[in-house]
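A short write-up of the structure that comes next.
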Amino acid sequence: MQENLRGSLWMMAAMAGFAIEDTMIKLAARDLPVGEILMIFGAGGMLGFLCLTWQRGERAIVPEIITPVVGLRALSEVIGRLFFTLSLAFTALSSTSAILQATPLVVTLGAALFFRERVGARRWVAIFIGLLGVLLILRPAPSLFEPASLLAVIGMLGFAGRDLATRGAPATLSHMQLGIYGFFVMIPTGLMLLLWEGHARWPSLDQWGWLGGAIFFGIGAYYALTSAMRLGDVSVVTPFRYTRLVFALVLATLIFGETPDILTLAGALIVVASGLYTLMTARPKAA
């Protein structure tokens with residue numbers, strides 16, 4: 001019970017950190033090109049995880065990184081981070097965060113398709129209902145649909161692919177080592193996007209503060225997430241991932257003055273409820 005409580009608190013701290021990271025990236029994206037943000041964020045995150053890796057006595061470069069599954073994970077990381085950052089720059093934080101909550105549902109779907117994990121009929125129904133919740137947030141009606149909202153969907157699919165690839169990555173690779181490679185691929189990705197955007201600018205003191213804060217809270221959140229998953233039972237700790245949406249909605253309201261409409265809130269509630277149900281039905285039954 002004590003470890004589950006500590007693990008749950010670590011998970012909530014991680015989700016608060018990720019929500020603050022998203023907010024600071026969105027603040028920086030008001031004046032800086034997205035490609036430049038990705039380059040700085042990737043370099044800062046890579047250096048942070050390098051330090052954590054060396055502190056644990058691990059090597060930064062190991063032969064296991066030259067495997068197809070690690071390459072697939074890197075590609076998924078690029079897609080997820082690129083499109084999620086674009087979504088933060090061009091759409092509301094509240095709707096972007098709500099769509100992101102569908103990631104566990106998509107991971108469950110992918111695990112059934114690619115890893116042959118058993119998914120019962122009730123969980124299939126929950127996945128389908130959760131995806132309908134995403135449609136509510138997207139507003140597929142021609143008069144309400146916002147094309148930029150698809151950026152968050154593509155980013156969410158990228159993050160789901162990253163999580164699935166992580167399952168298949170060599171067990172000898174630690175979370176910290178994977179963090180190095182995940183942030184490293186942001187540097188060339190940001191550079192190519194910046195060349196396409198055609199302009200760069202030296203960040204102001206405020207912008208350096210937003211980017212530095214995003215890196216700091218991002219690394220801290222990743223560390224808290226790892227601690228949560230190692231301390232408590234996965235079935236107890238994982239549902240607290242959804243507190244990220246609560247933190248994001250509060251920050252979106254206080255900092256950006258966003259007021260999510262009834263469709264966004266209803267869709268978010270459906271997605272979260274479906275995800276929680278999927279997690280609950282996945283728990284092993286007592287003997």
Worksheet item: Taking atom CZ of Phe256 as the centre, does the number of heavy atoms from other residues, nucleotides or ligands within less than 6.0 Å exceed 12?
Response: yes
Worksheet item: Do Phe41 and Phe183 have ring centres separated by under 6.0 Å?
Response: yes
Practice prompt. Report the distance from atom OG1 of Thr53 to atom CZ of Arg59, rounding to the nearest 0.5 Å.
Written response: 12.0 Å
Worksheet entry | Heavy-atom pair with the smallest gap, counting every atom of Ile219 and Gly48 | CD1-CA, 3.6 Å
Worksheet entry | Derivation of the salt bridge (Lys or Arg N to Asp or Glu O under 4.0 Å) call for Arg81 and Glu21 | CA-CA 12 Å; Arg81 179 60 65 177; Glu21 171 201 316; 3.1 Å; yes
Worksheet item: Same cluster for Leu86 and Ile187 if Ile/Leu/Val/Met/Phe/Trp/Tyr side chains link at under 4.5 Å?
Response: yes
Worksheet, complete the sentence: For Arg241, the salt bridge (charged side-chain N to carboxylate O under 4.0 Å, His left out) test, sequence neighbours excluded, returns none
Worksheet item: Is there any ring-ring contact (aromatic ring centres under 6.0 Å, His included) pair reaching into residues 76-104, and which pairs are they, with sequence neighbours excluded?
Response: Phe84-Phe159
Practice prompt. Step by step, work out the side-chain contact (heavy atoms from CB on, under 4.5 Å) result for Leu136 and Val271.
Written response: CA-CA 10 Å; Leu136 270 182; Val271 170; over 6 Å; no
Item to complete: Measure across Ala160 and Val106 and return the closest heavy-atom pair with its distance rounded to 0.1 Å.
Response: CB-CG1, 3.6 Å
Worksheet item: Any donor and acceptor pair, going by atom type alone, linking the side chain of Glu258 with main-chain N or O of Leu93 inside 3.5 Å?
Response: yes
Practice prompt. Name all pairs fulfilling the salt bridge (Lys or Arg N to Asp or Glu O under 4.0 Å) condition that reach into residues 82-106, sequence neighbours left out, sorted by first residue then second.
Written response: none
Worksheet item: Closest heavy-atom contact between Tyr222 and Gly179?
Response: OH-N, 4.4 Å
Worksheet item: For Gln177 and Thr172, which heavy atoms make the closest approach, and how far apart are they?
Response: OE1-O, 3.7 Å
Worksheet item: Would Met192 end up clustered with Leu32 when hydrophobic side chains under 4.5 Å apart are linked, directly or stepwise?
Response: no
Worksheet item: Looking only at heavy atoms, which two atoms of Met24 and Ala214 are closest? And how far apart?
Response: SD-N, 3.5 Å
Worksheet item: Quick one: salt bridge (Lys or Arg N to Asp or Glu O under 4.0 Å) pairs with a partner in residues 188-208, sequence neighbours left out?
Response: none
Worksheet item: Is the number of heavy atoms from other residues, nucleotides or ligands within 6.0 Å of OH (Tyr181) greater than 12?
Response: yes
Fill in: Distance, nearest 0.5 Å, that separates CE of Met46 from SG of Cys51
10.0 Å
Discussion item. If you count every heavy atom of other residues, nucleotides or ligands that lies below 6.0 Å from Trp54 atom CH2, does the total exceed 12?
Written reply: no
Practice prompt. Could you verify whether a donor N or O on one side chain and an acceptor N or O on the other, from Asp261 and Thr264, lie under 3.5 Å apart?
Written response: yes
Worksheet item: Got more than 12 heavy atoms from elsewhere within 6.0 Å of CG, Leu254?
Response: yes
Worksheet item: Can you find a heavy atom in the side chain of Leu164 that is under 4.5 Å from one in the side chain of Ser76?
Response: no
Practice prompt. Could you name each residue pair satisfying ring-ring contact (aromatic ring centres under 6.0 Å, His included) that touches residues 185-210, not counting sequence neighbours?
Written response: Trp202-Trp208
Fill in: side-chain hydrogen bond (donor to acceptor under 3.5 Å, both in side chains) partners for Ser87, two or more places apart
Thr91, Thr96
Response to the item:
Between Met39 and Gly190 the two heavy atoms that sit nearest each other are CG-C, 3.5 Å
